[in-house]
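Shown next, in structure tokens, is the structure this report addresses.
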Amino acid sequence: MADTVISVPEGKQPRSVRVVLLALMIAMMLAMLDNMIVGTAMPTIVGDLGGLEHLSWVVTGYTLATAASTPIWGKVGDMYGRKGAFLSSIVLFLIGSALSGMAQNMGQLIGFRAVQGLGAGGLMVGVMAIIGDLIPPRERGKYTGMMAGVMALAMIGGPLVGGTITDNWGWRWSFYINLPLGAVALALVSAVLHLPKKRARARIDFLGVALLTVGITSIVLVTTWGGTEYAWTSARIMELIAIGVVSLIGFVWWQTRAAEPVLPLHMFKSRNFTLMSVIGFITGFVMFGATLYLPLYQQSVQGASATNSGLLLLPMLGAMLVTSMVAGRVTTNSGRYKIFPIAGGALMIAGLYLLSLMGTGTTRLTSGIYMAVLGLGMGCLMQITMLVAQNSVEMKDMGVASSSATLFRTLGSSFGVAIMGALFNDRVKHVMAERAGAAGKHMTEKSAALDAKSLKKLPPMIREAYQHAVSAGTHSAFLLGAGIAVIVLIAALFVKEVPLRGAGAKPSAESEDAAPAMPMVEAV
């Protein structure tokens, strides 16, 4: 079958492409809803299955699997065709969802969440790479903005849905709810998405994948266990650091020699691609840390139910939605984008610092304003990073560019949850032991993630100590996030703005970051 080029006027896509985009939006909603639903239900899940020390692992296991599988999905799509890879990732994600809902203990839940993560790695990469195939760079800003809007809508609806399900049906339905939505996504993608079939003779770089996976896992284990399970200077932590460093150095060395490298290093010769990778990493670090610990603060300190804590995230997620849509539209109309990562970095720093000021007496109105500031910052960054990364590489690397951008964001989220979680746990245990003595220490060892109903059953002195402990933990976590977010602002200042091309435009020879002509692709 010969490949044909979609050539349409700027600003107007054929009906077939619009149908494909609708199917992709549903798939994106599938991936994002799960994170948000589970995030809101997490205190109840942990209270049922185990203690606070397991909280970060339910998320870390998922994100580690996502990170490990992301480069594979991107490369498989480039080599063998995106549709098959995309459908396979949806099926794997749904299997993990069903198993997670049936988990009987925390160990099973973490393992099944890892299966979910393997599928999720292909969902995010598939959506963005397919958009990169179908839409010209200049028009892509509008559609990536729409995808960011879908993500924000999922973040808004996810906590509400998750809270409602947790309060009324039980936390297991937080996973089962993925099944009908996934079935719809499978049917639509199967019916409307038709891309040219590919057949590559080269093999997947499995050695590169193995080295990257070992390196990522080792480093995240260091951030998770260091200072909690093991002392930072313990033999186990030193071993993990050594394994991680050696594996990542080996990965970089092997990528210069592999026939089909899983992460082609030549992409990093582009200044913009490298900077967007850094910005995406920090955005993931901040975003997932905030969405995990804000509901915990709202339920434990402000006394919100699981449902209400989801609603109380609306200021942050609503601001993110509006800003993402505006950023996408402005980028499409003007072809320029540098202002958004700069503004996003500044707003993110301000929002995180304000959130670090919250205490036991902070009102919901005040915390809502603080969250809105953070949401404005994240909205400026959500999809601009993907757009600029895709525009900085050749079309043959579209899949690995999309997977790399997704990988760095996923790694950021994994490190963010692990590092912020370790800091949070340490502060909670310290303050509880300081304020409530042996009783407080015993409570945090058993389960420090209490929902509002369980909190009310505690003696007044223990309850007050617990609220102060959670407040101290969130203060430390968000203050750390504000410091890390400074890197985003610094990186954004060095972005080289290259106006995005419209359909049919020739790449500019004036910039190393100029993207090549549009790909050959057939849709429906």
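- Side chains of Phe478 and Leu294 form a contact here, defined as non-hydrogen atoms less than 4.5 Å apart.
- Here the shortest heavy-atom pairing between Ser97 and Asn178 reads OG-ND2, 3.0 Å.
- Using cut-offs of 30° and 60° on the angle between ring planes, the pair Phe268 and Phe408 is perpendicular.
- Interatomic distance, CD1 of Ile95 versus OG of Ser100, reported as 11.5 Å (0.5 Å rounding).
- Note that the CE atom of Met287 and the CE atom of Met316 stand 9.0 Å from one another [nearest 0.5 Å].
- Gly117 approaches Ser69 most closely through the heavy-atom pair O-OG, 3.7 Å.
- Side-chain contact between Ile282 and Leu381 is absent, with no heavy-atom pair separated by less than 4.5 Å.
- Relative orientation of the Phe285 and Phe281 rings is tilted, given thresholds of 30° and 60° on the angle between their planes.
- In this structure, Gln255 contributes its side chain and Leu265 its backbone to no donor-acceptor pair below 3.5 Å.
- With sequence neighbours excluded, no residue forms a ring pair (Phe, Tyr, Trp, His ring centres under 6.0 Å) with Phe251.
- Looking at Tyr62, its side chain never comes within 3.5 Å of a backbone N or O of Gln116 through a donor-acceptor pair.
- The shortest distance between side-chain heavy atoms of Leu355 and Thr474 does not fall below 4.5 Å.
- Remark: side-chain polar atoms of Ser270 are not paired, donor with acceptor, to backbone N or O of Met267 under 3.5 angstrom.
- The heavy-atom pair separating Pro264 from Pro261 by the smallest distance is CD-O, 3.7 Å.
- Taking CZ of Arg409 as the start and OG1 of Thr283 as the end, the distance is 6.5 Å to the nearest 0.5 Å.
- Atoms CG and OG, on Leu240 and Ser247 in that order, are 10.5 Å from each other to the nearest 0.5 Å.
- Looking only at side-chain heavy atoms (C-beta outward), Leu207 and Leu211 come within less than 4.5 Å of each other.
- With Thr323 contributing its side chain and Cys380 its backbone, the two residues share no donor-acceptor pair below 3.5 Å.
- Closest of all the heavy-atom pairs between Met102 and Gln108 is O-OE1, 4.3 Å.
- Between the side chain of Arg113 and the backbone N or O of Gly96, no donor-acceptor pair lies under 3.5 Å.
- Side-chain atoms of Leu374 and Val286, non-hydrogen and from C-beta on, do get closer than 4.5 Å to each other.
- A 4.5 Å side-chain heavy-atom check between Leu480 and Ile484 finds at least one atom pair inside the cut-off.
- Side chains of Val127 and Phe86 form a contact here, defined as non-hydrogen atoms less than 4.5 Å apart.
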>> As a quick check of understanding, evaluate side-chain contact (heavy atoms from CB on, under 4.5 Å) for Val388 and Phe340, giving each step before the final call.
In response: CA-CA 11 Å; Val388 178; Phe340 293 111; over 6 Å; no
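- The minimum heavy-atom distance between Ser324 and Gly379, with the atom names listed, is OG-O, 3.4 Å.
- With hydrogens and angles disregarded, a donor-acceptor distance shorter than 3.5 Å links the side chain of Trp73 to the backbone of Leu118.
- For the pair Leu212/Leu263, no side-chain contact is recorded, criterion being any heavy-atom separation below 4.5 Å from C-beta on.
- The main-chain N or O of Trp253 is found under 3.5 Å from a side-chain atom of Thr256 such that the two form a donor-acceptor pair.
- Expressed to the nearest 0.5 Å, how far OG of Ser218 lies from CD of Glu239 amounts to 10.5 Å.
- Residues Met276 and Thr385 share a closest heavy-atom pair of SD-CA, 3.6 Å.
- Rounding to the nearest 0.5 Å places CG of Leu181 at 8.5 Å from CG of Leu94.
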